[in-house]
Protein chains: 4
Amino acid sequence: MTEPPTARKGRPRSADADRAILAATRAALAELGWGGLTMGDVATRAGVAKTTLYRRWPSKNELVVDAVAVLFDELAMADLGSLRADIEAVVRQFAGLLAQPESQAALLALFAEASRDPALRLRVRESIIDPQKELVRLGRAAAQARGELAADTSPEAACEDIDIIFDTIAGAVEHRMLVSGEPASPAWISRFTTLLLTPLTS
Amino acid sequence: MTEPPTARKGRPRSADADRAILAATRAALAELGWGGLTMGDVATRAGVAKTTLYRRWPSKNELVVDAVAVLFDELAMADLGSLRADIEAVVRQFAGLLAQPESQAALLALFAEASRDPALRLRVRESIIDPQKELVRLGRAAAQARGELAADTSPEAACEDIDIIFDTIAGAVEHRMLVSGEPASPAWISRFTTLLLTPLTS
Amino acid sequence: MTEPPTARKGRPRSADADRAILAATRAALAELGWGGLTMGDVATRAGVAKTTLYRRWPSKNELVVDAVAVLFDELAMADLGSLRADIEAVVRQFAGLLAQPESQAALLALFAEASRDPALRLRVRESIIDPQKELVRLGRAAAQARGELAADTSPEAACEDIDIIFDTIAGAVEHRMLVSGEPASPAWISRFTTLLLTPLTS
Amino acid sequence: MTEPPTARKGRPRSADADRAILAATRAALAELGWGGLTMGDVATRAGVAKTTLYRRWPSKNELVVDAVAVLFDELAMADLGSLRADIEAVVRQFAGLLAQPESQAALLALFAEASRDPALRLRVRESIIDPQKELVRLGRAAAQARGELAADTSPEAACEDIDIIFDTIAGAVEHRMLVSGEPASPAWISRFTTLLLTPLTS
DNA sequence: GCCTAATCGAGACGGTACGTCGGGTCTTTGG
DNA sequence: CCAAAGACCCGACGTACCGTCTCGATTAGGC
C-alpha cells in the first residue's frame with residue numbers, strides 16, 4: 001500500500017489557500033449572487049491566482065458546492081423527546097440555513113445546474129442532499145424507538161416514506177423562502193409541522 | 001376611458017416575430033438548457049435580428065419568463081367531484097409540466113435569478129406562481145361547496161391555508177422531480193395526496 | 001423634347017428638406033468629423049426622417065460630396081494683373097477653404113473613400129477637383145494673354161502643364177494644412193508662390 | 001540607467017502575435033481597403049483572439065499606423081552625386097510606396113482621422129512623416145556639401161525651407177496618385193523635379 | 001371636390017461590427 | 001512540484017449604425 005499520499009515531492013499545496021478560497025466564494029456569493037460570481041473575483045478576494053483555483057476545482061459549480069457544503073454540516077438531529085419537537089427543530093434549522101445569503105444565492109442555482117450535469121448532481125447530492133435526508137432518517141428512527149411511529153414493515157417502504165417526507169419538507173421550506181420569498185416564521189413552522197404530523201401519527 | 005393606444009406612429013412591431021422568438025426560446029431551452037441558451041442563438045433560430053429581441057425583452061430572464069409562462073396557461077381546475085381527485089389532478093398536471101424539458105430547464109434557474117431581482121420576481125409571480133395558486137384556491141372553494149372542508153373562519157386564515165398548501169404541493173413536486181430527479185409516478189402522487197389530505201379532512 | 005421633368009405626379013419633394021439636410025451635414029461634419037458623422041444624426045439635426053435622406057442620396061459619401069461641394073463654388077479667378085498676384089490669390093482662397101472645419105473633416109476622408117469607389121471618384125472630381133483645376137487653367141490663359149507666359153505649343157503639353165501645376169498647388173496646401181497641421185500664413189503663401197513662379201517664368 | 005523592464009512577471013506577450021497581427025493588417029488593408037478593414041477580421045487572419053489585439057492597440061487607427069509604418073522604413077537617401085538625381089530618387093521611392101495597395105488604402109484615411117485626433121496625429125508624424133522629412137534634410141545637406149546649394153543662413157530659415165520643400169513633394173505626389181489617380185510616370189517625375197529644381201538652383 | 005400618387009414623419013426590421021467581459025488554459029519567474 | 005502573475009483563445013454580451021421596410025398622415029396635381 002502506498003499509504004501516505006501526504007509525502008509528495010515539491011512544494012505542498014497550501015491549506016490556507018483552500019480556506020481562503022472557500023471563504024471568498026461564500027462572501028462573493030452573499031454579495032453578488034450566483035450570476036455575479038466570477039472566478040477571477042474569487043481569486044482576487046482570496047489573494048490567490050486563478051491557476052491555484054482551477055488546480056483544485058474543475059469549475060465554478062464544484063467550487064460553490066464545496067463552499068456551501070460546510071454550511072450544511074451544522075445540521076444536526078437532536079432527540080428532543082417528541083416527534084413534533086424533532087420535526088420543528090429540523091425545519092427550523094433548514095429555514096435558518098436558507099436565511100443566509102450564501103446558501104440562498106447558491107442553492108437554487110446549483111440545483112438548476114445540477115439538473116443538466118450528472119457529475120454535479122452527484123456532488124450536490126453527497127454534500128447537500130444526503131446530510132439533510134439523514135436527519136429525516138434519524139428522526140424517524142427516534143420516533144420509532146419512542147413508539148410514536150410504527151416499526152418498518154419493509155426496508156423499501158421505509159425508504160419511500162423517508163423520501164416523500166424529505167421532499168415535502170425540503171421542497172416546502174425552499175418554496176416558501178426562495179420562491180414565495182416569505183420568511184419561515186415560528187407560526188408557519190408550527191402550522192407546517194401540524195400538517196406533516198397528522199398523517200404520520202393518525 | 002383611456003383611448004386604446006392602437007394608433008401609434010411608425011411601423012408596428014411584428015406579432016410574428018414575437019411568436020417566433022418565444023417558440024425559439026422554448027426550443028433552445030429544451031435543447032441546450034438554461035446555461036446554454038444564448039440571445040444570439042435564439043435570434044438566429046427565430047430568424048430575427050438580435051436588436052429585435054432586445055427591443056422587446058431587456059434580458060434573458062424576462063424573455064424566458066414570457067416564453068415559459070404560456071406553458072402554465074394550460075393548468076386548469078376541473079371539479080372532479082372529490083377533494084382527493086382534485087388534488088391528484090392538480091399534482092398530476094404540475095408534474096406533467098415539470099416533465100417538459102423547457103420548464104425543467106427554466107424553472108429553477110428562473111427562481112434562482114428572481115431571488116436577487118425584485119422586478120423579475122414580480123414577473124415570475126404574475127406569470128407562473130399566481131396561475132398555480134389560483135388552482136389551489138378554486139379547489140378549496142369547490143371542496144367547501146361540497147362540504148368536504150369547513151367554511152372559512154376568516155379571510156386571513158384562508159389565505160394562510162392556501163399559501164401553506166400551495167408551497168407544500170409546489171415545493172414537494174419540484175423537489176422530487178428537479179432536485180431528487182425522480183419521476184412523480186402515479187403511486188407517488190397517490191401517497192403524496194394522502195399525506196396532504198389527512199390533515200385537511202381530519 | 002420632354003423637357004420639363006419638373007411636372008410629376010404626387011407630392012413634390014420638399015426643397016426645404018434638401019437645404020436643411022445639407023446644412024445639417026456640414027454642421028455635423030464640423031462638429032464630429034467624418035468618422036463621427038452618422039446618417040441618423042444628420043436626419044435628426046435636419047428634422048427629417050432617414051427615409052427622406054436616402055431617397056435623395058444613396059449613401060453617406062455622396063451626401064457629403066454634395067454638402068461640401070457648395071463650399072468650392074465660391075472659388076473664383078479674379079484677374080489681378082500679374083501671374084504672381086493671381087497665384088497668391090488662388091492659394092489664399094484654397095487655404096481659406098481648408099481652414100473651415102467642414103471641408104477639413106471631409107476632404108481627406110472623401111479622397112480616401114474615392115480611391116476605392118470609382119463612382120464616388122467621378123463625383124468628387126466633378127464637384128470638387130474640376131472647379132479648382134479650372135482656376136489654374138484660367139490663370140494660365142490670363143498670363144498668356146498678358147505675355148507673362150509663352151503660348152501653348154500643343155494642347156497635350158498644355159494639359160500636362162496644368163495638371164502638374166494643379167497637383168503641386170493643391171497637394172502642397174493640403175499637405176501643409178491637413179497633414180503637417182500648420183497654417184498657410186501669408187509668408188508661407190509668398191514663399192510657396194515664389195517657388196512655383198520661378199520655373200514658370202524663367 | 002532605467003532598469004530594462006525585460007524581467008516582468010507573468011507570461012510575456014507573444015512577439016509572434018505582434019508580427020502576425022501587423023502582417024494580417026497589411027493584407028486586409030490591401031484586400032479590403034480602409035473601410036472594409038475589421039478588427040475581428042484582422043484577428044482571425046492573424047490567428048489571434050480579438051482580446052489580444054485590443055491589449056496591444058487601443059483602436060483601428062493606431063494599429064494601422066504601426067502596420068503601415070514599417071513600409072516607410074525602407075525609404076533611404078542614397079547620395080547619387082547630384083541634387084537632381086537625389087530628388088528624382090526620393091520622389092521615385094515615395095511614388096513606389098504609394099503604388100502599394102496597403103499604403104494607398106491607409107494613408108489618406110489615416111491623415112483624415114489624424115486631423116481630429118491629436119494623439120493619432122503625433123503617432124502618424126513620428127512613424128510616417130518624420131522619416132520622409134529626414135530624407136529632404138539629408139538631401140539638402142548633401143547638396144550643400146557638394147556646393148550645389150548655398151549654406152544655411154540661419155537654422156530657422158533652413159527649417160522653413162525643408163518644410164516647404166517637403167510639403168510640396170509629398171503633397172504633389174500624393175495628390176497626383178491618390179486624388180487625381182494617375183501614376184507617377186518617369187516623365188512626370190522628371191518634369192516635377194525640374195519644377196522643383198529651378199527655384200532651388202537659380 | 002374628389003382621386004391618385006408620391007412624399008413625409010416615425011420607427012421597427014435584418015445585419016454587421018463594435019469593444020468588453022468572463023471562462024478556462026498556458027507560459028513565464030520565483031519559491 | 002507549487003504559487004502568482006498575466007497573456008492567451010474563445011464565445012457571448014449588449015450597443016450603435018447601416019440601409020430597408022412598413023405604417024398612417026400629408027400634399028400636391030388631374031379629372
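Reminder, nothing fancy here: chain letters follow the sequence lines and each chain counts from 1.
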> How close or far is atom P of E:dT7 from atom CG of C:Asp18, stated in whole angstroms?
12 Å
> Is there a side-chain contact between C:Thr25 and C:Val42, using heavy atoms and a 4.5 Å cut-off?
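The answer is yes, as the side chains (C-beta and beyond) meet within the 4.5 Å cut-off.
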> When C:Arg123 is tested against each of C:Asp66, C:Asp117, C:Asn61 for side-chain hydrogen bond (donor to acceptor under 3.5 Å, both in side chains), which residue passes?
C:Asp66
> Has the side chain of D:Thr51 got a donor or acceptor atom sitting under 3.5 Å from an opposite partner on the base of F:dC10?
yes
> Could you tell me whether B:Ser59 contacts a base, only the sugar-phosphate backbone, or nothing, with contacts defined as non-hydrogen atoms closer than 4.0 Å?
nothing
> Nearest-nucleotide wise, let me know which of A:Lys60 and D:Gly10 is further upstream toward the 5' end of DNA chain E.
A:Lys60
> Assuming nearest nucleotide by heavy-atom distance, tell me which of C:Pro12 and D:Ala17 is located more 5' along DNA chain F.
D:Ala17
> What integer distance in Å separates B:Leu53:CG from E:dA12:P?
15 Å
> Expressed in angstrom and rounded to an integer, what is the separation of A:Asp16 atom CG from E:dG31 atom P?
19 Å
> C:Arg55 side chain: which of F:dC8, E:dC13, E:dC8 is closest?
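It is E:dC8.
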> Grab the two heavy atoms, one from A:Pro58 and one from A:Glu62, that are nearest each other, plus how far apart they are.
CG-CG, 3.3 Å
> Do you know which two heavy atoms are closest between B:Arg116 and A:Ala105, and how far apart they sit?
NE-CB, 4.4 Å
> Any residue in residues 22-49 of chain B with a heavy atom nearer than 4.0 angstrom to DNA chain E? Just list them by number, or reply none.
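Correct list: B:Gly47, B:Val48, B:Ala49.
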> Expressed in angstrom and rounded to an integer, what is the separation of B:Glu62 atom CD from F:dG14 atom P?
11 Å
> Checking only heavy atoms, does the side chain of A:Thr52 share a donor-acceptor pair with the base of F:dA4 at less than 3.5 Å?
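Between F:dA4 and A:Thr52, which were checked side chain against base, a qualifying N/O pair under 3.5 Å is absent.
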> Does any N or O donor sit under 3.5 Å from an N or O acceptor when you compare the side chain of C:Arg11 with the base of E:dT7?
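In this structure, the two groups form a donor-acceptor pair.
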> Would a 4.5 Å heavy-atom cut-off, applied to side chains only, mark B:Lys60 and B:Glu113 as touching?
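B:Lys60 vs B:Glu113: side chains apart.
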> Given the structure, check if the side chain of A:Lys50 and the base of F:dG6 hold any donor-acceptor pair shorter than 3.5 Å.
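A donor-acceptor contact between them is absent.
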> Minimum heavy-atom separation for A:Ala106 to A:Val68, with atom names?
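Nearest heavy atoms, A:Ala106 then A:Val68: CB-CG2, 3.6 Å.
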> What integer distance in Å separates B:Lys9:NZ from E:dA12:P?
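To the nearest whole Å, that distance equals 13 Å.
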> When the distance from CG of D:Leu63 to C1' of E:dA17 is rounded to whole Å, what number comes out?
15 Å
> Please confirm whether the backbone N or O of D:Asp16 pairs with a side-chain atom of D:Ser14, one donor and one acceptor, at under 3.5 Å?
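At least one qualifying donor-acceptor pair exists.
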> For the pair made of CZ in D:Arg13 and P in F:dC8, what is the distance, rounded to whole Å?
7 Å
> Using whole Å, what does the distance between atom P of nucleotide E:dG22 and atom OH of D:Tyr54 come to?
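To the nearest whole Å, that distance equals 17 Å.
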